[in-house]
Amino acid sequence: MKMTNLELAELLRRIAAAYEILGENRFRIIAYTRAADSIEHLTSELKDYWDNKRLREIPGVGDMLAGHIDEMFRTGHSKHFDSVMAKLPTSIYPLLLVPGIGPKKAYKLVTVLKLKNEKTVISDLEHAAKKHKIAPIEGFGEKSEELILSNIAIYRKGQIKENRMTLPVADGIAADIIAFIRRVPSVKRVDVLGSLRRQVATIGDIDIAVATANPKEVIAHFVAYPHQEIIEEGPTGASLRLHNGRQVDLRVQKSGRYGAMLQYFTGSKNHNIALRSFALSKGLSLSEYGIKHVRTGKIDTYATEEAFYNALGLPYIPPELREDKGEIQAAIRGSLPKLVDIKDVMGDVHLHTDYNLEPSHDLGMDSFTALLDRAAELHYEYIGLSDHNPSITNHSEKQIVAIMKRRKEYYEQQYSSWEKKTHKRVKYVLMCEVDILPDGKLALSDAALEYVDAVIASVHSSFTQERRIVTKRIVRAIESNPKVRILGHPTGRLLSKREGIDADWGEVFRACKTHDIALEINSYPDRLDLPDTLVFDAIKSGLRFCINTDSHAADHMNLMQYGVSVARRGWATKDDIVNTLSYNKFKSWLLKGA
DNA sequence: GCCGTTTTCGGCCCGACTGTTTTCAGTCG
C-alpha cells in the first residue's frame with residue numbers, strides 16, 4: 001500500500017487525539033505524538049524503512065507501533081487503528097487545526113452541536129457560533145464563542161500560505177531591531193532566540209532576548225520601534241507586528257538569570273524536553289528561570305548558557321545542534337562534534353562569472369577579476385569557476401568544444417594579468433557546472449571536458465521524475481566521467497517555491513561514497529541544499545561536502561555563512577568539508593579524476 | 001506505548017495563559 005510519511009504522521013496524531021478524548025493513559029498519547037513528529041521529520045520514506053525491516057530504528061517507534069505500521073503496509077489497514085478511530089466521529093479532526101481547539105473541545109462541540117460532516121464541520125461550527133449556540137454549552141461561554149470565531153478566521157488566513165522568511169531576510173530585520181535596542185544604555189546583552197539562533201532554513205517569527213537591570217526602560221523603548229500594531233506589552237517582554245507583517249517578540253531578563261532564559265527560548269522544543277527529562281534523572285527541574293533542586297525546591301540561577309549546561313554536567317551545546325538528534329547523549333559521552341566554522345573555509349568553488357559562453361542557464365553579473373578581488377577580501381586561498389555549460393540546443397558539438405577551449409584561454413589570460421597587476425595570492429580552479437540531463441547523461445561531452453579540471457554536476461530540469469528514475473539518473477551522471485567531483489545542490493529544492501527531487505538518498509550516497517564525490521552544500525538562501533537533515537544522514541554514510549555560494553555576483557560570495565550553518569546543523573566538522581583544505585590538498589582531491 | 005549515564009521496570013518536561021470555574025481543565029509553545 002502506498003502511504004506517505006505525512007499521511008501516517010497525521011493518522012498517528014488522530015489516534016493520539018482520539019485517545020485523549022477516550023481518556024487513555026496520557027503517556028501513551030505522548031508516545032503516539034512523538035512517533036508522529038518523528039515520522040514526519042524523517043528524511044527517507046517510511047516505506048524504505050519498512051522494506052528494509054528497519055521500522056524499529058525510527059525514534060519513538062517501538063514493537064507495538066512497528067507492528068501496526070507493518071500491518072498498514074501489508075494489508076492497507078491496521079485493525080487496532082481502525083477500532084480506535086471507529087469509536088469517534090471523524091468530524092472532530094478538522095477542528096483540531098483551528099487554534100485553541102484541542103481534542104476535548106472538538107469532541108464536545110461535535111457531539112453537542114451534532115456536527116457530523118467532516119468536510120463542512122468548520123463552516124458549520126462558525127455558523128453555530130454566529131447563532132450563539134456555543135456559549136450555553138457547559139465549559140464554554142461568551143468569550144469562547146467569540147474566540148472560536150476569530151480563531152476560525154486565523155485558521156483560514158493560515159491556510160492561504162505559510163509565509164516563512166529566508167535567513168538573510170530574518171537576519172536583516174533582527175539586526176535593525178537589535179541596533180535600535182542597543183541605544184538603551186542599560187542593555188547589557190542582546191541575542192536572537194528560537195529558530196533564527198539555531199539557523200533553521202526558514203524563519204517564522206523573530207524572537208529577541210535582552211539582559212538589562214532596567215526591563216521597563218527597554219520594553220518602553222522597544223515598543224517605540226516603527227510598527228503596525230503592539231500585540232502584547234507586559235513586565236517581561238512585548239510583541240510587535242511590523243509594517244512588513246512580521247511579528248517580533250522581545251523577552252527581557254536580569255543579567256544574573258539571562259542564561260536560563262536564553263537556553264529556554266532558543267529551543268528547540270524537543271531539545272528542551274529531552275534536556276529536562278535528563279535533568280530530572282539527576283533530581284533537577286529546568287525552567288526559563290533556572291535549575292530547581294526537586295528535593296529542596298531551591299532554584300539556582302545562571303548568567304550564561306555555558307554555566308547552565310555545565311551545571312547539568314554537560315558541555316555547552318551549540319544552538320545549531322539543539323534538535324534532539326542525539327546531542328544530549330553525545331554531550332554526556334563527551335563526543336559532541338567540533339563543528340566547522342566559517343573561518344575554516346579556504347575557498348568557494350561554485351561561482352558564475354559574466355564571461356559569455358552562451359550557457360544553458362543564467363550568467364553571472366561580475367567579472368572573473370571582480371570575484372578574485374572579493375575572494376582576496378574574504379581571505380580565501382582559491383576560488384572555482386563553475387559557469388553553466390554552453391547551451392546544447394543552440395550549438396553543435398564542435399562549437400561547444402571550441403567555446404570551452406576559448407573559455408579556458410580567456411581565464412588563463414585574465415588571471416595572469418590580474419596576478420601581475422595586484423600581486424594578490426588567490427588561486428583558481430577551472431571547473432564547470434554541467435547539467436545532468438533527464439536520462440542521466442552529462443550535458444558536456446568528454447571532448448569538451450578536456451578543457452576543465454573538474455565538474456559540478458547538477459539537476460536543473462525534470463524535477464518531478466519518479467524516484468527510481470531520478471535515482472538512476474543521478475548515479476549514472478556521477479559515474480559517467482571521472483571529472484565529476486561534486487554533486488551540485490543535490491535536491492534542487494527552492495525554499496517555499498519548489499520541492500526537491502524525490503531520490504533514494506541512501507543509494508545516491510552510496511554511489512557518491514564509492515566515487516569519492518562531495519555533496520554540495522549550496523549556501524544560496526533560497527536553496528540551502530543539501531538540507532541539514534540530509535547532511536546529518538550523509539555524514540553517517542561517511543560522505544564529505546563542499547560548501548559553495550553558487551554566486552552569480554561578487555556580493556553573493558558573502559552568503560557563505562548560511563551554508564556553514566547548514567553544515568553545522570548537520571553535525572559537520574572541518575574534516576567533513578573538502579573546501580577547508582589548503583589549495584594544494586584541495587586541488588589534489590579535485591584532480592583525482594583528471 | 002516508548003525506552004535506558006545506573007533502569008528491561010518504572011518512569012515519562014515545564015510554565016503561562018485563558019476562561020470557566022471556586023480550584024481546575026484545556027491548550028499552547
To the nearest Å, give me how far apart [atom1] ([X]) and [atom2] ([N]) are.
X: A/R333; N: B/dG4; atom1: CZ; atom2: C1'; answer: 13 Å
X: A/L55; N: B/dG1; atom1: CG; atom2: P; answer: 16 Å
X: A/D324; N: B/dC2; atom1: CG; atom2: C1'; answer: 13 Å
X: A/Y19; N: B/dC2; atom1: OH; atom2: C1'; answer: 13 Å
X: A/N25; N: B/dC12; atom1: CG; atom2: P; answer: 12 Å
X: A/L11; N: B/dG1; atom1: CG; atom2: P; answer: 13 Å
X: A/Q247; N: B/dG29; atom1: CD; atom2: P; answer: 11 Å
X: A/I273; N: B/dG29; atom1: CD1; atom2: C1'; answer: 10 Å

Quiz item: Is the shortest distance from a Lys or Arg side-chain nitrogen in A/D576 or A/K574 to a carboxylate oxygen in the other one below 4.0 Å?
Solution: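 Answer for the salt bridge query: no.
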
Quiz item: Between A/R198 and A/E327, is there a salt bridge with N-O shorter than 4.0 Å?
Solution: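 So A/E327 does not pair with A/R198 through a salt bridge.
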
[M] and [N], which share atom name [atom1], separated by this distance in whole Å:
N: B/dT8; M: B/dC3; atom1: C1'; value: 9 Å
N: B/dG1; M: B/dT6; atom1: P; value: 28 Å
N: B/dT20; M: B/dG26; atom1: C1'; value: 11 Å

Quiz prompt | Option passing side-chain contact (heavy atoms from CB on, under 4.5 Å) with A/P319 (candidates A/R197, A/Q263, A/R568, A/H271) | solution =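 Filter result, single survivor: A/R197.
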
Indicate, with a heavy-atom threshold strictly under 4.0 Å, whether [X] touches base, sugar-phosphate, or nothing.
X: A/F265; value: nothing
X: A/K108; value: nothing
X: A/L286; value: sugar-phosphate
X: A/H271; value: nothing
X: A/L280; value: sugar-phosphate

Quiz item: Is the base of B/dT6 syn or anti, if syn means a glycosidic angle within 90° of 0?
Solution: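 This nucleotide is in anti.
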
Quiz item: Is a donor-acceptor contact shorter than 3.5 angstrom present between the side chain of A/Y264 and the base of B/dG29?
Solution: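 Looking at the base of B/dG29, it does pair with a donor or acceptor on the side chain of A/Y264 (distance under 3.5 Å).
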
Quiz prompt | Residues in ring pair (Phe, Tyr, Trp, His ring centres under 6.0 Å) contact with A/Y32, at least two apart in sequence or another chain | solution =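 If we apply the ring pair (Phe, Tyr, Trp, His ring centres under 6.0 Å) test to A/Y32, skipping adjacent residues, the hits are A/Y19.
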
Quiz prompt | Partners meeting ring pair (Phe, Tyr, Trp, His ring centres under 6.0 Å) with A/Y524 (sequence neighbours left out) | solution =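 With neighbours one apart ignored, the set is A/H556.
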
Practice problem: Establish, for the pair A/R257 and A/Y264, whether the NZ or CZ atom is under 6.0 angstrom from the six-membered ring centre and no further than 45 degrees off its axis. | Solution: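 Judged by the rule (NZ or CZ under 6.0 Å from the ring centre, within 45° of its axis), A/R257 is not positioned above A/Y264.
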
Self-check item: Cation over ring face, A/K108 and A/F140, 6.0 Å, 45°
Solution: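 So A/K108 doesn't make the cation-pi contact.
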
Quiz item: Could you run down nucleotides 16-28 of chain B 5' to 3' and tag each one B, S or - for protein heavy-atom contact under 4.0 Å?
Solution: S--SS-----SSS

Quiz item: Which residue lies toward the 5' end of DNA chain B, A/L312 or A/V294, if each is placed at its nearest nucleotide?
Solution: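 Result: A/L312.
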
Practice problem: Searching all strands shown, indicate the nucleotide that pairs with B/dT27 (Watson-Crick or G-U wobble; both distances under 3.5 Å). | Solution: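 B/dA16 - that is the nucleotide pairing with B/dT27, both distances being under 3.5 Å.
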
Quiz prompt | Heavy-atom closest contact (A/A35 atom, A/V61 atom, distance) | solution =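 It is CB-CG2, 4.5 Å.
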
Quiz prompt | Under 4.0 angstrom between A/S277 side-chain N/O and B/dC12 OP1 or OP2 | solution =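 Checking A/S277 against B/dC12: no side-chain N or O falls below 4.0 Å of OP1 or OP2.
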
Exercise. Looking only at side-chain atoms of A/K292, point me to the closest of B/dC2, B/dG15, B/dC12.
Key: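 Nearest nucleotide to the side chain: B/dG15.
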
Self-check item: Heavy-atom check, side chain of A/R246 versus side chain of A/R241, under 4.5 Å
Solution: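 When only atoms from C-beta onward are counted, A/R241 and A/R246 do not touch, as no gap falls below 4.5 Å.
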
Exercise. Can you sort out the partners of A/N214 under side-chain hydrogen bond (donor to acceptor under 3.5 Å, both in side chains), two or more places apart, ordered by chain and number?
Key: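 side-chain hydrogen bond (donor to acceptor under 3.5 Å, both in side chains) list for A/N214, sorted by chain: A/E217.
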
Quiz prompt | Listed partners of A/E57 passing side-chain hydrogen bond (donor to acceptor under 3.5 Å, both in side chains), at least two apart | solution =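 Checked A/E57 against side-chain hydrogen bond (donor to acceptor under 3.5 Å, both in side chains); matches are A/R54.
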
Quiz prompt | Near-strand residues of residues 56-69 of chain A, defined as heavy-atom separation under 4.0 angstrom from DNA chain B | solution =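 Here the set is A/P59, A/G60, A/V61, A/G62, A/D63, A/M64, A/L65.
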
